[in-house]
Amino acid sequence: MKRLLPLLLAWALLCGCGADQPASSQGPAAGDTQYFFAMDTLMSITAYDGDTAAALVAAQQEINRLEALWSRTRPESDVSRLNAHAGDGTAVPIQPETAGLLETAAAAARESGLAFDPVLAPVMDAWGFGLTESEATAVHRVPGQEELSALLPLTRDLPQAAALEDGSYAAALPLAGQAVDLGGIAKGASAAYVVQALTAHGVENAILSLGGNITALGSRPDGQPFRVLVTDPLDSEESYLCTIALGGGLTCSTSGGYERYFTSGGAAYHHIIDPATGYPAQSGLLSVTTVAAGPALADAWSTALFVLGLDRALELWRAGEGTVAGMELILVTEDQRIYVTQGLEEGLQLHGEEAGYTYEIVRR
Ligand code: AMP
Ligand code: MG
């Protein structure tokens with residue numbers, strides 16, 4: 001429940017149920033909203049037009065279908081079957097959606113120099129992250145250096161996926177003991193399928209919140225862009241840092257150590273692991289928000305940039321080419337500096353100054 005409150009609060013404001021409520025809030029203008037649990041998080045979808053009832057049912061079915069393919073805890077999922085055959089030479093049949101996701105994940109892995117690593121599961125398990133269906137029943141522990149050193153060689157070789165002659169797909173993991181964990185990209189990737197399901201039912205304006213990933217289709221009923229709250233990582237239950245405008249199918253994805261962590265011996269250990277060390281990433285960042293046209297990439301890169309840190313993130317953003325150069329970013333440092341790239345300046349509202357944050361707009 002702890003993690004639900006900020007989501008619900010954010011949702012209230014985001015959807016115009018609170019301070020941002022449009023003048024007419026009755027009927028379709030207020031949108032139809034579906035809340036549900038999937039992929040171990042609270043999700044919500046609000047559709048403002050089209051056949052909203054059918055659209056929301058179809059959207060939730062899509063999420064359930066994808067969770068059944070990508071879950072690491074359901075034995076029949078594509079991912080579990082792939083993991084079960086790691087290193088034994090079996091080409092495991094997978095659905096096209098899984099092949100597509102593995103390909104996107106591998107591309108992010110290569111481009112980020114393996115800061116985004118889709119085969120971190122053995123290390124995640126050593127920390128007790130992601131072993132169970134529910135984080136509430138997870139058993140966390142701090143693994144020893146030797147244990148981690150033995151696991152790290154399993155986290156470098158990406159899965160090999162291939163299209164077969166009959167049009168189906170198969171994949172294999174090269175090394176015994178390897179395992180795929182798509183937790184850093186699967187929720188974002190799902191958004192693309194949800195959008196398809198919504199538009200198939202005539203929905204042109206909608207907002208989806210899939211566990212840290214928010215996708216805005218079209219605009220709010222009053223014609224304004226949606227407004228998304230960016231959580232204050234130092235007070236994630238109560239406060240937010242800023243509001244950004246979002247619309248036109250863009251996705252905003254946030255990764256932060258505050259989202260999932262445990263404490264042991266007075267130290268906090270969070271769930272975003274630096275694949276170079278096997279330890280929770282300590283890049284000097286508290287959170288990273290990416291805004292991008294591709295929801296899977298927004299998700300993968302918020303995780304990757306959290307690992308890479310401020311300087312590397314801005315370097316990639318300033319580069320003339322590459323995936324990050326086409327995104328907008330909000331980077332929050334441990335010393336409470338917030339860097340917002342110039343494309344987010346319009347519609348930006350700041351809220352974190354009282355809490356001691358300073359802001360800088362980053363320009364090219
Ligand atoms: P996110 O909230 O999107 O940043 O995803 C965090 C989740 O991604 C974790 O709970 C793990 O399942 C997984 N993960 C952790 N570290 C990494 C990493 N360096 N690369 C890819 N996935 C990761
Ligand atoms: Mg992510």
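Hydrogens, waters and symmetry mates are skipped; everything else that's a heavy atom, side chains included, is used. Just so you know, these numbers come straight off a predicted model, no measurement behind them. Both ligands and their constituent atoms are indexed starting at 1 by order of listing.
- Test Phe262, Tyr258, Phe306 against His270 for ring-ring contact (aromatic ring centres under 6.0 Å, His included) and you get one pass: Phe306.
- Ring-plane geometry between Trp127 and Tyr269 is classed as tilted, the angle between the planes lying from 30 to 60 degrees on a 0 to 90 degree scale.
- In plain terms, the two heavy atoms of Ser77 and Ser80 that are nearest each other are OG-N, 2.9 Å.
- A heavy-atom separation below 4.0 Å is not found between Ala281 and ligand 1.
- Within the listing of ligand 1, atoms 18 (C), 19 (N), 20 (N) sit less than 4.0 angstrom from a heavy atom of Ala115.
- At a threshold of 4.0 Å, the pair Arg260-Asp40 counts as salt-bridged, since one of the basic side-chain nitrogens sits closer than that to a carboxylate oxygen.
- The residue from Gly184, Ser302, Gly257, Gly256 that puts a heavy atom closest to atom 5 (O) of ligand 1 is Gly184.
- Residue contacts with ligand 1 include Phe116, since one of its heavy atoms falls under 4.0 Å from the ligand.
- In terms of polar-atom proximity, Thr254 is not counted as a contact of ligand 1, lacking any N or O under 3.5 Å from an N or O of the ligand.
- The Glu259 neighbourhood of ligand 1 comprises atoms 2 (O), with distances under 4.0 Å to a heavy atom of that residue.
- Closest to atom 6 (C) of ligand 1, if we only count protein heavy atoms, is His271 CE1, 3.5 Å.
- Electrostatic pairing of Arg363 and Glu345 counts as a salt bridge here, judged by a charged N lying under 4.0 Å from a carboxylate O.
- Panel note: side chain Ser168, backbone Leu164; no donor-acceptor pair is recorded below 3.5 Å.
- Contact atoms of ligand 1 toward Asp181: 11 (C), 12 (O), 13 (C) (distance under 4.0 Å to a heavy atom of the residue).
- Atoms of ligand 1 found under 4.0 Å from any heavy atom of Ser255 (numbered from 1 in listed order, with element): 1 (P), 3 (O), 4 (O).
- Residue-and-atom listing of protein N/O/S atoms under 2.8 Å from the Mg ion (ligand 2), sorted by chain and number: Gly184 O, Asp299 O, Asp299 OD1, Thr303 OG1.
- Relative orientation of the Phe129 and His140 rings is tilted, given thresholds of 30° and 60° on the angle between their planes.
- Residue contacts with ligand 1 include Pro275, since one of its heavy atoms falls under 4.0 Å from the ligand.
- Using bins of under 30°, 30° to 60° and over 60° for the plane-to-plane angle, the ring pair Tyr240/His351 lands in the perpendicular bin.
- Taking only nitrogen or oxygen atoms, main chain and side chain alike, Ile272 does not reach within less than 3.5 Å of ligand 1.
- Comparing heavy-atom distances from atom 11 (C) of ligand 1 across Lys187, Arg260, His270, Met124 singles out Met124 as nearest.
- Scanning the protein heavy atoms around atom 20 (N) of ligand 1, the nearest turns out to be Asp117 N, 2.8 Å.
- Side-chain atoms of Glu328 come within 3.5 Å of backbone N or O of Gly343 as a donor-acceptor pair.
- Within the listing of ligand 1, atoms 5 (O), 7 (C), 8 (O), 12 (O) sit less than 4.0 angstrom from a heavy atom of Gly183.
- Aromatic ring orientation, Tyr193 versus Trp70: perpendicular (interplanar angle above 60°, classes split at 30° and 60°).
- At a 4.0 Å heavy-atom cut-off, ligand 1 touches Leu120 through the side chain alone.
- Within 6.0 Å of the CD atom in Glu103, the count of heavy atoms belonging to other residues, nucleotides or ligands does not exceed 12.
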